[in-house]
Amino acid sequence: MRAVHTKKSTALALGHLSPSCWCQARAPLSESQESTMSSSAPYYLKGSPLNVRLNSVIGWLARHGVSLAGTAELSVKGRKSGAMQRVPVNPHTHEGGQYLVSARGHSQWVRNMRAANGGELRVGRKVRAFTAVELPDAEKLPVLRTYLEKWGWEVNQYFAGVTAASTDEEIIACAGDHPVFRITVTK
């Protein structure tokens with residue numbers, strides 16, 4: 001499913017699909033379009049230059065103690081470099097558990113988290129170290145729905161038309177494209 005979603009993203013860029021049908025439809029691509037895409041690449045939606053700049057500002061603010069709507073700066077050890085990588089995230093609480101959801105898909109921080117099995121969340125001087133366990137797709141539905149209820153105003157564009165009001169089937173269809181980690185604060 002991940003490769004199909006990536007192909008849909010390419011089809012969108014080529015004008016074949018509207019964002020509202022990425023997760024619901026499977027549009028055929030021409031042979032030339034198929035040959036330019038990797039069949040093993042997981043879904044990831046890269047940020048625009050403006051979005052990258054805004055994220056750096058939001059991360060800087062969190063690092064200096066200003067949390068916008070609950071954002072925090074995630075630090076996770078790089079799987080190749082070993083250096084701490086930083087990115088702003090929207091920590092999410094659902095039924096007493098704490099979660100990190102990757103709205104953009106299988107990003108670098110997700111890949112690093114899989115290798116490191118944890119990291120740190122920072123807002124100013126308050127640093128919370130945590131361990132992380134990735135949820136299987138079958139367990140994501142309630143977390144994704146409440147995440148979209150809280151953060152949809154910011155992240156709906158990355159869920160391709162799927163919102164908190166979408167059916168269970170629509171959310172489940174996109175679950176594999178949005179990694180979810182249950183985090184446990186250790187200190």
Problem set entry | 4.5 Å side-chain heavy-atom contact, Leu148 and Val155 | yes
Problem set entry | Beyond-backbone contact of Leu135 with Tyr99, side-chain heavy atoms, under 4.5 angstrom | yes
Seminar exercise, completed: Shortest non-hydrogen pair, Ile58 vs Pro88, comes out as CG2-CB, 3.9 Å
For this session: Evaluate the side-chain proximity of Ile183 to Leu121: yes if any heavy-atom separation is below 4.5 Å, no if none is.
Result: yes
For this session: Return the minimal non-hydrogen interatomic distance between Asn112 and Lys77, and the atom names on each side.
Result: CB-O, 3.6 Å
For this session: Measure from the side-chain N and O atoms of Glu134 to the backbone N and O of Ala132, and report whether any donor-acceptor pair falls under 3.5 Å.
Result: no
Problem set entry | Any donor-acceptor pair under 3.5 Å from Lys140 side chain to His178 backbone | yes
Problem set entry | Side-chain (Arg122) to main-chain (Val127) donor-acceptor, under 3.5 angstrom | no
Problem set entry | hydrophobic_cluster_shared for Trp153 and Val162, side chain cutoff 4.5 Å | yes
Exercise. Are the side chain of Ser102 and the backbone N or O of Gly105 linked by a donor-acceptor pair below 3.5 Å?
Worked result: yes
For this session: Tell me whether Ile171 is reachable from Leu45 by hopping between hydrophobic residues (I, L, V, M, F, W, Y) whose side-chain heavy atoms are closer than 4.5 Å.
Result: yes
Seminar exercise, completed: Between the SG atom in Cys174 and the CG atom in Leu141, the distance rounded to the nearest 0.5 Å is 12.0 Å
Seminar exercise, completed: Taking every heavy atom of Gly176 against every heavy atom of His106, the minimum-distance pair comes out as O-NE2, 3.0 Å
Exercise. What's the shortest heavy-atom distance between Trp109 and Val76, and which atoms?
Worked result: O-CG1, 4.2 Å
Exercise. Under 4.5 Å between side-chain heavy atoms, hopping through other hydrophobics if needed: is there a path connecting Val101 to Met113?
Worked result: no
Exercise. Can you get from Phe181 to Val89 by hopping between Ile, Leu, Val, Met, Phe, Trp and Tyr side chains that sit under 4.5 Å apart?
Worked result: yes
For this session: Please answer whether the main-chain N or O of Pro136 pairs with a side-chain N or O of Glu139 as donor and acceptor at a distance below 3.5 Å.
Result: no
Problem set entry | CD-CD distance between Gln85 and Gln108, expressed to the nearest 0.5 angstrom | 8.5 Å
For this session: Flag yes if more than 12 heavy atoms outside Arg53 fall under 6.0 Å of its CZ atom; otherwise flag no.
Result: no
Seminar exercise, completed: Rounding to 0.5 Å, atoms CD (Glu73) and OG (Ser56) come to a distance of 10.5 Å
Exercise. Any side-chain heavy atom of Ile172 within less than 4.5 Å of one from Glu169?
Worked result: no
Problem set entry | ILVMFWY cluster, Val110 and Leu100 together (side-chain gap under 4.5 Å) | yes
Problem set entry | Distance, nearest 0.5 Å, that separates CZ of Phe130 from NZ of Lys187 | 12.5 Å
For this session: Answer whether the closest heavy-atom distance between the side chains of Pro42 and Arg111 falls below 4.5 Å.
Result: yes
Exercise. Are side-chain heavy atoms of Leu68 and Glu154 found at a separation under 4.5 Å?
Worked result: no
Seminar exercise, completed: Note: Glu170 and Ser166 closest approach over all heavy atoms is OE1-CB, 3.1 Å
Exercise. Looking at CG of Leu74 and CD of Glu120, how far apart are the two atoms once the value is rounded to the nearest 0.5 Å?
Worked result: 9.5 Å
For this session: Side-chain contact test, heavy atoms from C-beta onward, threshold under 4.5 Å: evaluate it for Thr163 versus Phe159 and give yes or no.
Result: no
Problem set entry | Separation of Glu149 CD from His94 NE2 (nearest 0.5 Å) | 9.5 Å
Exercise. Can you check whether Ala164's main-chain N or O pairs, donor with acceptor, with Arg145's side chain at less than 3.5 Å?
Worked result: yes
Exercise. Within the distance-only criterion (no hydrogens, no angle test), does the side chain of Thr186 pair as donor or acceptor with the backbone N or O of Ala129 below 3.5 angstrom?
Worked result: yes
Exercise. Any side-chain heavy atom of Thr71 sitting closer than 4.5 Å to one from Trp151?
Worked result: yes
For this session: Compare every heavy atom of Tyr44 with every heavy atom of Ser107, then report the nearest pair and how far apart it is.
Result: CB-CE1, 3.4 Å
